[in-house]
Amino acid sequence: MNTEDKERPSVYPAHWKVAFGPSTPLREGYQVGRETTRLEAGTVFIPGGKPLPCDVVWECDIPVTLRDGVVIYTDVLRPADQDTDLPALVSWSPYGKSLPAYPCPPRGVPPEMFSGLGKFEGADAAFWLEHGYALVNPDARGAGNSEGDIHFWGSVESHDGYDVVEWAAKQSWSNGKVALYGASWLAISQWGIAATRPPHLAAIAPWNGIYDAYRTHMVWGGIPNPGFFDFLQFLIRGANSSVERIGDMSVREPLLNEYWEDKIPDLSKVTIPAYIVMDGVTGLHPWGASEAFRRLGSTEKWFRINNTHEWYDQYSQQYQEDVLRFFDRYLKDIDNGWEATPRVRASIINAGGEDFVDVPFTQWPVHETRYQQLYLDAHSEILSTTPPTEASSVSYPGADGAVSFSITFEQDTTLLGYMSARLWVEAQDADDMDLFLLVEKLDADGNLLAPHRHLADTYSISPPGAPGRLRVSLRELDPDLSTGFVPIQAFRRHQKLAAGEIVPVDIGFTPRSYYVEAGQQLRLTVAGYNVRGTCVDIDATEDEVVRASRVASEHPRAANTGSHVIHTGPEYLSYLTMPVVETPR
């Protein structure tokens, strides 16, 4: 047992003054307190759903006592014909273990791909039990009927997860090996739990998980961004609990401090095998998935960039079988040749054409990357491979204005990895400025090209493009975290602008994989508002979700006044840096 981790506190220090509010009541019919259920092979659990391929034993509401005495409840599902030597897959979140989960199936997933016997964004029993795994679906602290209050990640959740991993490893049906599995929250939680080093945690498989919640979402670019998580809190339900108001905290605590640091696990401590997936087309998680992969201490780690939405990708037969090979190798010690799998497989998004899927590479960022500068010319509002010879500037209203720069590609080009921008900027009639940047692919006539959706009509993916943003007073870089290919700010102090002061700022974009054909264009837009738009567009039927969706559609808390000025020319070289790799064949 890791004594150091065991002695860590399991509640937030009082002086952090963390905001909490009532959780959403449980849905009518939330299934708790049932006895063990046996489901026969062939059972169809949801209309049109995938039939169960084997008999299932479903144990409900098993109490688990955490290190501080709080009792939470978990369900366990396992194949009925095997009651020993089962590795466990833990799907950790506060989303509720009552099945079928809501929504079911996840939006964009055809019913025939999913049995309904799986926690929201977690492992599907119809696939995993047939292959000799047990599923552990906890109601995290405060969720469902579990005691305590609901926390958004950090040391509280991480150490709770440690306790449940070790509990699962000691069960009579267990082979002593446990893995963490799932998407979104179920992926985010894996970084922290794995960093506590539970002795029986053998592998993790996070599908799209935010890492460093402060920098990659909650206060992205130093600009408070509460909307999506104000929406999410409506989906988190507890019988008698409160839920952490992380959206409120992004406004209350806009600088990086110990509260936010508690939610940034030390990934150098994660040395177990990892299978990590990043969405290549949506906008909520790519920063986290790519940065986590880059920082993991494991030497046995694999990274895949898909070209679909995470849920469709997660429940596809092809990629369930792919991660099954990974788990079989490290949870069952099956010598199946998994190690020969390319360490990086990237889908190159060719909006307007056919994508290149699972292109193999040896590392991330890709070793073959050539970083090319495209220079801004404010006079002509173009991007060019050569710097402008004359000084010029362009301005726009800070509150609602924007300016764009574009370039037409002369040859087919693949962009894969981290883009960044160096801009020389000035605020007129203001001492600060919030910049919102967006790189988009256009056709030869300047029309926006969107990625293939690969989804049912009930779910809309995020608007296309690679976004970036920055509050200019927080432009100071963190020298330890920044690299030659990605600038990372410290976010520790404000440096306000003086009248007439022109300063350089470095802004990173969400990592992307784009294929641009000869004759097509790339456009960089710089704006004073969230020019990209929101990442939530749900065809909801329930009032509370509709209400929450309206909250999620709010723009980040920008505070722009006056005018923004972008300077270009020999003295103020403003440019976009592109990660160019050889075009796949």
Side-chain angles (χ1 to χ4, degrees), residues 27 29-32 34-62 74-91 93 95-138 173 179 181-184 186 205 207 277 306 308-328 331-332 334 336 454-459 541:
R27 293 183 184 278
Y30 189 88
Q31 297 170 340
V32 295
R34 298 171 303 169
E35 297 180 355
T36 298
T37 300
R38 186 183 179 104
L39 301 175
E40 294 183 355
T43 298
V44 176
F45 196 64
I46 60 172
K50 184 177 182 179
L52 297 182
C54 63
D55 290 356
V56 173
V57 172
W58 181 2
E59 299 176 274
C60 301
D61 283 328
I62 305 170
T74 189
D75 287 1
V76 173
L77 299 101
R78 51 187 175 82
D81 62 353
Q82 186 176 353
D83 54 12
T84 60
D85 202 32
L86 291 168
L89 304 185
V90 176
S91 296
S93 77
Y95 287 158
K97 63 178 180 58
S98 177
L99 301 178
Y102 174 84
C104 188
R107 292 183 176 86
V109 177
E112 63 269 18
M113 287 173 56
F114 187 66
S115 73
L117 203 62
K119 194 175 184 181
F120 177 55
E121 301 183 317
D124 183 4
F127 180 85
W128 290 101
L129 271 61
E130 180 186 19
H131 292 95
Y133 287 80
L135 305 188
V136 177
N137 293 340
W173 45 259
Y181 173 89
S184 193
L186 288 77
W207 242 268
V277 181
N306 66 29
T308 65
H309 184 272
E310 61 190 354
W311 300 332
Y312 185 93
D313 183 79
Q314 180 183 4
Y315 296 111
S316 68
Q317 186 72 14
Q318 175 184 357
Y319 291 115
Q320 284 192 111
E321 290 178 352
D322 196 54
V323 76
L324 171 65
R325 291 183 61 238
F326 169 75
F327 280 151
D328 277 352
L331 277 75
K332 292 187 175 182
I334 297 175
N336 56 12
H454 295 279
L455 301 171
D457 292 336
T458 53
Y459 193 92
T541 57

Q: Give me the one residue out of Leu39, Asn137, Val57 that meets side chain to side chain contact (heavy atoms under 4.5 Å, CB included) with Leu77.
A: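 One option only clears the test, and that one is Asn137.
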Q: Evaluate the criterion side chain to side chain contact (heavy atoms under 4.5 Å, CB included) for residue pair Leu52 and Leu129; output intermediate values, then yes/no.
A: CA-CA 9 Å; Leu52 297 182; Leu129 271 61; over 6 Å; no
Q: What are the two closest non-hydrogen atoms of Cys104 and Pro100, and how far apart are they?
A: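 Cys104 and Pro100 have their closest heavy atoms at SG-CB, 3.7 Å.
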Q: Ser316: which residues meet the side-chain hydrogen bond (donor to acceptor under 3.5 Å, both in side chains) condition with it, sequence neighbours left out?
A: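 So Ser316 forms no side-chain hydrogen bond (donor to acceptor under 3.5 Å, both in side chains) with any residue.
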Q: Please list, chain by chain and in numerical order, all residues satisfying side-chain hydrogen bond (donor to acceptor under 3.5 Å, both in side chains) with Asp124, sequence neighbours excluded.
A: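 Result, side-chain hydrogen bond (donor to acceptor under 3.5 Å, both in side chains) vs Asp124: Ser115.
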Q: With ring centroids as reference points, do Tyr181 and Trp128 lie under 6.0 angstrom apart?
A: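 So the answer is yes for these two rings.
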Q: Rounded to the nearest 0.5 Å, what separation is found between the CG atom of Leu135 and the NZ atom of Lys97?
A: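 The NZ atom of Lys97 is 13.5 Å from CG of Leu135, to the nearest 0.5 Å.
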Q: Show me, pair by pair, the donor-acceptor contacts under 3.5 angstrom made by side chains of residues 78-85, not counting sequence neighbours?
A:
from, atom 1, to, atom 2, distance (Å)
Arg78, NE, Glu59, OE1, 3.3
Gln82, NE2, Thr84, O, 3.1
Gln82, NE2, Asp85, O, 3.4

Q: Where does the angle between the aromatic ring planes of His131 and Phe127 fall among parallel (under 30°), tilted (30 to 60°) and perpendicular (over 60°)?
A: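 Judged by the thresholds at 30° and 60°, the geometry between His131 and Phe127 is tilted.
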Q: Suppose we screen for ring-ring contact (aromatic ring centres under 6.0 Å, His included). Which residues come up paired with Tyr95, at least two apart in sequence or across chains?
A: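 If we apply the ring-ring contact (aromatic ring centres under 6.0 Å, His included) test to Tyr95, skipping adjacent residues, the hits are Phe120, Trp185.
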Q: At what distance, to the nearest 0.5 angstrom, does CE of Met113 lie from CD of Gln314?
A: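 Here the rounded value is 9.5 Å.
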Q: Which pair of heavy atoms, one from Ala88 and one from Leu331, lies closest together, and at what distance?
A: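 Where Ala88 meets Leu331 most closely, the heavy atoms are O-CD2, 4.0 Å.
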Q: What is the minimum heavy-atom distance between Pro87 and Lys332, and which atoms define it?
A: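 Minimum heavy-atom separation between Pro87 and Lys332: CG-CE, 3.9 Å.
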Q: How close do Pro111 and Pro47 get, counting heavy atoms only, and between which atoms?
A: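 Closest heavy-atom pair between Pro111 and Pro47: CB-O, 3.9 Å.
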Q: Nearest 0.5 Å please: distance from the CG atom of Leu99 over to the CH2 atom of Trp58.
A: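 Interatomic distance, Leu99 CG to Trp58 CH2, rounded to 0.5 Å: 4.5 Å.
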Q: Are Glu121 and Trp207 close enough that some pair of their side-chain heavy atoms sits under 4.5 Å apart?
A: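 Contact flag for Glu121/Trp207 side chains = no.
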Q: side-chain hydrogen bond (donor to acceptor under 3.5 Å, both in side chains) with Tyr133: which residues, sequence neighbours excluded?
A: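 For Tyr133 the side-chain hydrogen bond (donor to acceptor under 3.5 Å, both in side chains) partners, ignoring immediate neighbours, are Asp328.
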Q: Restricting to side-chain hydrogen bond (donor to acceptor under 3.5 Å, both in side chains), what partner residues turn up for Ser91, sequence neighbours left out?
A: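 Expected list: none.
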Q: Filter on salt bridge (Lys or Arg N to Asp or Glu O under 4.0 Å), then keep only pairs touching residues 310-327, sequence neighbours left out; what's left?
A: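 Sorted pair list: Arg304-Asp313, Asp322-Arg345.
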Q: Counting C-beta onward and ignoring hydrogens, is there a side-chain heavy-atom pair between Pro106 and Tyr315 closer than 4.5 Å?
A: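 Yes, side chains in contact.
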Q: With sequence neighbours excluded, what pairs up with Phe326 under the ring-ring contact (aromatic ring centres under 6.0 Å, His included) test?
A: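 Counting only residues at least two positions away or on another chain, Phe326 forms a ring-ring contact (aromatic ring centres under 6.0 Å, His included) with Tyr275, Tyr330, Trp338.
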Q: Which atom pair, heavy atoms only, marks the closest approach of Pro105 to Ile46?
A: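 Minimum heavy-atom separation between Pro105 and Ile46: CD-CD1, 4.2 Å.
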Q: For a quick test of reading the model, state the closest non-hydrogen atom pair linking Cys60 to Asp75 and the distance between them.
A: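 Closest heavy-atom pair between Cys60 and Asp75: CA-OD1, 3.2 Å.
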Q: Could you name each residue pair satisfying salt bridge (Lys or Arg N to Asp or Glu O under 4.0 Å) that touches residues 36-57, not counting sequence neighbours?
A: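 Non-adjacent pairs meeting salt bridge (Lys or Arg N to Asp or Glu O under 4.0 Å): Arg38-Asp55.
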Q: In chain order, what residues pass the side-chain contact (heavy atoms from CB on, under 4.5 Å) check against Pro51, with sequence neighbours excluded?
A: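 By the side-chain contact (heavy atoms from CB on, under 4.5 Å) rule, Pro51 matches Val44.
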Q: Please tell me if the side chains of Lys119 and Ser93 come closer than 4.5 Å, counting only heavy atoms from C-beta onward.
A: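 Sidechains of Ser93 and Lys119: in contact.
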Q: Any non-hydrogen side-chain atom of Tyr319 less than 4.5 Å from a side-chain atom of Val277?
A: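 Counting from C-beta outward, Tyr319 and Val277 never come under 4.5 Å.
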